[in-house]
There are 2 protein chains.
Amino acid sequence: MGRKRLQESADGRPTVHTVAARAGVSIASASRVLNGVGGSPETIRKVREAAAEVGYVPNAIARSLQSQRTGLVALAVEDIGNPVYVEMMRAIESVVAASGRQLLVHATGGRIDNETALLRRLAHRYVDGMIVSPIRVTDDHLAALVDSPVPVVVVGQLPADAPVDNVRTDSRTGVGLAVDHLVAAGRRRIGFVNGPLDTVPGAARDAGFRSALARHGIALDERLVEIGDFRYAAGRAAAERLLARAEPDALVCANDLIAVGALHALLAAGRRVPDEVALVGMDDTELAQMTFPQLSSVSLGSAERGRRAAELLLQRIADASLPPRREQVAPSLAVRASSTTTPLFVPAPAEPAPAPRTPEVTA
Amino acid sequence: MGRKRLQESADGRPTVHTVAARAGVSIASASRVLNGVGGSPETIRKVREAAAEVGYVPNAIARSLQSQRTGLVALAVEDIGNPVYVEMMRAIESVVAASGRQLLVHATGGRIDNETALLRRLAHRYVDGMIVSPIRVTDDHLAALVDSPVPVVVVGQLPADAPVDNVRTDSRTGVGLAVDHLVAAGRRRIGFVNGPLDTVPGAARDAGFRSALARHGIALDERLVEIGDFRYAAGRAAAERLLARAEPDALVCANDLIAVGALHALLAAGRRVPDEVALVGMDDTELAQMTFPQLSSVSLGSAERGRRAAELLLQRIADASLPPRREQVAPSLAVRASSTTTPLFVPAPAEPAPAPRTPEVTA
DNA sequence: TTGTATGCGTTATCAG
DNA sequence: CTGATAACGCATACAA
């Protein structure tokens with residue numbers, strides 16, 4: 001006869017039945033003891049003993065099918081090599097962990113199909129909810145987001161009427177902060193190294209740069225604008241192209257990875273930073289403090305956005321009927337050595353220095 | 001009466017029953033059509049239509065309970081901010097994706113309890129297998145690894161007799177490569193900035209450094225050895241401490257993050273790199289090519305280790321009866337500007353230059 | 001407290 | 001090809 005109700009699972013590992021049989025009790029009693037609810041002292045002893053002997057470990061999948069939850073939350077980002085996502089992830093992780101859940105990260109590689117596939121697969125109940133930070137948003141993508149089977153919070157720009165929880169920043173204004181700072185420092189030939197214009201952040205930053213220059217009455221020289229992608233190598237290459245045909249006295253970069261690439265290009269070309277060319281990155285990641293000189297960078301509050309996104313998600317998991325919410329985090333500028341010309345080898349002034357700063361690289 | 005067999009799931013979302021009822025067929029037929037096996041043209045049409053109308057999406061948890069697999073593979077690493085794990089992750093991802101599975105990453109933060117908790121939770125059937133790269137290994141930890149409910153592959157050093165699939169490298173030898181290189185370049189006062197000695201990699205690198213110096217007959221000056229952790233900030237601080245009390249003519253760092261920190265410390269202290277102090281990192285990550293000057297670095301084949309680990313895991317998932325396997329990846333040295341003193345401002349020689357190299361930072 | 005029986009949503013088996 | 005039904009492993013309402 002076919003196995004009717006054996007005591008072990010298909011792959012030979014122990015189940016509640018194994019434990020129950022061994023302890024000489026029903027599976028209900030076994031289950032209760034294993035979950036710490038009820039059971040006479042004697043039963044508890046027997047079950048615990050049996051469980052230990054067979055090395056019982058509960059099947060989380062089965063448990064989830066029953067409880068309708070997995071205790072898992074996912075974060076989908078484009079490029080896990082970008083430190084901005086690391087910061088965001090850390091912030092999310094701490095919130096998620098505090099709720100007794102576990103955070104899983106999935107790198108989509110920026111391929112939209114990949115991201116929608118994720119929503120259509122992983123999200124189909126493997127996780128209790130997910131936070132996704134899409135770099136491009138198509139209608140298809142948006143549709144998948146909207147009728148996701150599990151709660152979703154989007155970090156990043158989204159159409160105004162999209163009924164999805166959303167935490168955003170204003171990178172357009174953020175770029176403006178960088179330009180204002182540089183203009184105030186007397187720079188006029190300000191260059192811009194951006195990522196692809198067909199991405200949401202790329203388009204926003206481009207608009208921000210142009211409007212900021214206009215606001216200051218500076219005519220934009222298109223030779224001072226160059227585009228790569230949002231990674232180091234392309235940023236460096238783009239900066240090299242720009243430097244080969246123009247002479248900026250400042251460079252704004254669409255993120256810190258690009259800025260580090262640009263810094264490399266500048267130093268390799270013999271330009272002194274910040275004396276000849278000031279440099280401002282964006283995202284204000286760890287990376288900005290690793291370079292020499294350290295990078296000024298526009299903070300888009302990635303940790304804060306992550307934290308808020310996690311909170312929104314947990315709230316929605318708890319109550320699916322909540323209306324779609326939208327939160328915004330304001331950008332700010334972290335000024336460091338890469339955009340601050342200071343007198344060198346000059347005795348410290350009697351008044352306290354404006355801010356602790358590492359020495360300049362130039363002599 | 002209590003709901004006997006409704007057509008929708010507990011949370012009101014459609015199930016096979018919903019679709020079947022709407023299409024006027026049995027759940028068996030519905031399931032078959034939904035899975036693309038069998039079904040008359042008419043049935044297929046009706047079911048597809050019904051599924052589309054109600055927006056049916058299969059419950060992956062239920063499916064997994066039945067199929068005994070999730071199609072998910074997890075990678076557990078200590079610090080996702082360390083680029084070495086990013087490289088490893090990318091390699092693993094490509095192998096895993098090629099098998100039609102999805103990779104999830106979990107950052108343990110190096111806390112052992114966290115990692116064992118992961119094994120005891122997530123691994124309890126939420127994933128088909130996992131790759132874990134522990135930085136510390138206790139007996140407890142090892143035990144959890146050994147009798148993990150799902151296939152596990154460990155990347156990193158493990159006791160010789162541990163019955164666990166294992167991909168390792170020899171960082172001890174790796175440090176030796178760095179020292180050899182520096183000694184050959186005429187450096188004698190070689191310093192070492194390491195991570196914690198109670199970690200597996202920390203201990204191995206320490207041993208490697210000491211034995212390498214001994215091999216060259218160089219007496220170790222303990223003032224030239226400093227310890228932080230494996231991250232940037234601590235690396236920089238450790239290098240600063242070292243530089244405050246000793247005058248190395250070269251620095252070996254236990255990973256690239258530390259090396260970048262050391263580079264910052266050196267430049268901030270006005271030391272010229274590599275002329276006054278040569279610098280060699282370890283892991284040969286992207287980061288090594290981002291700095292100026294670019295970092296020489298000992299490659300521990302992190303991508304290769306990741307790739308192999310993923311292959312081992314997939315094999316074991318396919319056949320659990322495989323004996324424990326152990327693979328080793330040899331270290332190699334990538335020489336870049338940070339450890340190569342070249343004549344500056346000298347006309348290019350008639351013969352081709354030894355290798356394309358970015359200009360030195362010093363003048 | 002304990003055991004029986006049923007459901008979680010899906011897939012697989014086995015008659016019809 | 002189709003439909004009823006039995007698993008998958010666990011949790012729990014209910015009756016004893």
Side-chain angles (χ1 to χ4, degrees), chain A residues 1-21 23-47 51 54 56-71 121 124-126 149-150, chain B residues 1-21 23-47 51 54 56-71 124-126 128 149-150:
Chain A
M1 78 181 206
R3 55 192 277 282
K4 191 82 181 91
R5 172 36 85 192
L6 248 47
Q7 285 113 358
E8 40 174 54
S9 79
D11 53 350
R13 300 180 0 80
T15 73
V16 226
H17 294 89
T18 323
V19 175
V25 300
S26 71
I27 63 163
S29 289
S31 175
R32 277 188 287 257
V33 171
L34 263 12
N35 285 307
V37 295
S40 70
E42 176 61 4
T43 305
I44 293 181
R45 191 192 57 74
K46 286 190 297 188
V47 171
V54 300
Y56 170 76
V57 35
N59 182 320
I61 291 286
R63 188 197 296 258
S64 292
L65 181 58
Q66 165 74 24
S67 64
Q68 304 280 19
R69 52 189 302 285
T70 63
R121 275 181 93 199
H124 290 1
R125 304 314 194 66
Y126 275 133
V150 300
Chain B
M1 75 181 210
R3 54 192 277 285
K4 192 83 184 90
R5 171 33 91 192
L6 248 46
Q7 284 113 354
E8 36 174 58
S9 78
D11 53 348
R13 300 184 358 82
T15 74
V16 225
H17 293 89
T18 324
V19 176
V25 300
S26 70
I27 63 163
S29 288
S31 176
R32 276 188 289 256
V33 171
L34 263 12
N35 286 306
V37 296
S40 72
E42 176 61 3
T43 305
I44 293 181
R45 191 190 58 73
K46 286 189 298 187
V47 171
V54 299
Y56 170 76
V57 35
N59 182 320
I61 291 284
R63 188 197 297 255
S64 292
L65 180 58
Q66 167 72 24
S67 65
Q68 305 281 15
R69 53 190 299 286
T70 63
H124 290 359
R125 301 318 192 64
Y126 276 133
D128 292 340
V150 300

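Letters go in sequence order (proteins before strands), and every chain restarts at 1.
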[N] [atom2] sits how many Å from [X] [atom1], rounded?
X: A/Gln66; N: D/dA11; atom1: CD; atom2: C1'; value: 4 Å
X: A/Leu65; N: D/dA7; atom1: CG; atom2: P; value: 17 Å
X: B/Arg69; N: D/dC8; atom1: CZ; atom2: P; value: 18 Å
X: B/His17; N: D/dG3; atom1: NE2; atom2: C1'; value: 12 Å
X: A/Glu42; N: C/dT2; atom1: CD; atom2: P; value: 9 Å
X: B/Leu34; N: D/dC1; atom1: CG; atom2: C1'; value: 17 Å

Angle between terminal axes - the helix from C/dT1-D/dA16 to C/dG16-D/dC1, 5 pairs each end, rounded to 10°:
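The helix from C/dT1-D/dA16 to C/dG16-D/dC1 shows an end-to-end axis angle of 50°.
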Any side-chain N or O of [X] less than 4.0 Å from the OP1 or OP2 oxygen of [N]?
X: B/Asn59; N: C/dC8; result: no
X: B/Gln68; N: D/dG9; result: yes
X: A/Asn35; N: D/dA11; result: yes
X: A/Ser40; N: C/dT1; result: no
X: B/Ser26; N: D/dT2; result: no
X: A/Arg63; N: D/dA11; result: yes

Please name the pair of heavy atoms, one in B/Asp128 and one in B/Arg69, separated by the smallest distance, quoted to 0.1 Å.
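Looking at all heavy atoms of both residues, the shortest contact is OD1-CA, 3.3 Å.
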May I ask you to say what B/Thr43 touches in the nucleic acid, namely base, sugar-phosphate or nothing, with a heavy-atom cut-off under 4.0 Å?
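Sugar-phosphate, no base atom in range.
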Take B/Ile27 and B/Gly38, find for each the nucleotide of DNA chain D with the closest heavy atom, and name the residue whose nucleotide sits nearer the 5' end.
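Final value for this comparison: B/Gly38.
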Donor-acceptor pair, A/Thr70 side chain versus A/Tyr126 backbone, under 3.5 Å?
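Flag set: sc A/Thr70 to bb A/Tyr126 pair under 3.5 Å.
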Closest-nucleotide ordering on DNA chain C, the 5'-leading residue of B/Arg32 and B/Ala62
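Here B/Ala62 is the residue nearer the 5' end.
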B/Ser31 side chain: which of D/dG3, C/dT11, D/dA11 is closest?
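Of the options given, the side chain of B/Ser31 lies nearest C/dT11.
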